[in-house]
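One structure is given here, and the rest of the page talks about it.
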Amino acid sequence: MLDQRGQLLRAALGFAGLSLPSYDRSLHALRSWLDSWRGIGDVERDMAHQGYDLQLTHYDERGWRATFYTTGMEHSITSATASAWERTPWHAVQGAAREALRQASRDG
């Protein structure tokens, strides 16, 4: 079950994933925030508040994998809640967080 903070994060990640025109100032501001190291930190803290740990791994020039695990669980691929592979770290974190929150709202 997501609390209000989790619901707001899910909404922000959902809007950031939309393909709206680039001249939309609100969406541009949202993407500028989320598509940064600061955005990764904010998403990580909000996900920690929801009970998830983040593992972010860089694979040379191939890309990044972000994986969220339930806090307090052993971090193995079998205990992963959600994972995403992308060319940038912020898109990997956003994709994995979006999937984890989608599962949490479906299960709750």
task: State which residues pass salt bridge (charged side-chain N to carboxylate O under 4.0 Å, His left out) with Asp42; sequence neighbours excluded, sorted by chain then number.
output: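 By the salt bridge (charged side-chain N to carboxylate O under 4.0 Å, His left out) rule, Asp42 matches Arg38, Arg45.
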
Closest heavy-atom pair and its distance - [X], [Y]:
X: Leu56; Y: Ala66; result: CD1-CB, 4.0 Å
X: Ala16; Y: Leu34; result: CB-CD1, 3.5 Å
X: Ala96; Y: Ala82; result: O-CB, 3.3 Å
X: Ser83; Y: Thr67; result: OG-OG1, 3.1 Å
X: Ala92; Y: Ala84; result: O-CB, 3.4 Å

task: Report the residues that fulfil ring pair (Phe, Tyr, Trp, His ring centres under 6.0 Å) with His58, sequence neighbours left out, ordered by chain and then residue number.
output: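 Trp64.
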
field: ring pair (Phe, Tyr, Trp, His ring centres under 6.0 Å) involving Trp90 - partner list, sequence neighbours excluded
entry: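 By the ring pair (Phe, Tyr, Trp, His ring centres under 6.0 Å) rule, Trp90 matches Trp37.
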
Quick check for you: to the nearest 0.5 Å, what is the distance between [X] atom [atom1] and [Y] atom [atom2]?
X: Asp46; Y: Leu2; atom1: CG; atom2: CG; value: 11.5 Å
X: Thr81; Y: Gln103; atom1: OG1; atom2: CD; value: 7.0 Å
X: Tyr52; Y: Thr70; atom1: OH; atom2: OG1; value: 6.0 Å
X: Gln50; Y: Leu9; atom1: CD; atom2: CG; value: 7.5 Å
X: Arg65; Y: Glu86; atom1: CZ; atom2: CD; value: 12.5 Å

query: For Arg10, which residues count as a side-chain hydrogen bond (donor to acceptor under 3.5 Å, both in side chains) partner, sequence neighbours excluded?
result: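 Expected list: Ser105.
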
Which residues share a side-chain hydrogen bond (donor to acceptor under 3.5 Å, both in side chains) with Glu44, sequence neighbours left out: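 So Glu44 forms no side-chain hydrogen bond (donor to acceptor under 3.5 Å, both in side chains) with any residue.
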
message: Checking one residue: Trp85. Which other hydrophobic residues are in its cluster under the side-chain 4.5 Å linking rule?
response: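 Members other than Trp85 - counting any ILVMFWY side chain reachable under 4.5 Å - are Tyr59.
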
- prompt: Any sub-3.5 Å donor-acceptor pair from Arg87's side-chain atoms to Glu61's backbone N or O?
  reply: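 Yes: the side chain of Arg87 pairs with the backbone of Glu61.
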
field: Contacts of type side-chain contact (heavy atoms from CB on, under 4.5 Å), residue Ala97, not counting sequence neighbours
entry: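 Ala97 satisfies side-chain contact (heavy atoms from CB on, under 4.5 Å) with Leu13, Val43, Met47, Phe68 only.
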
Side chain to side chain, Asp35 and His91, heavy atoms closer than 4.5 Å: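 They are in contact (side-chain heavy atoms under 4.5 Å apart), so the answer is yes.
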
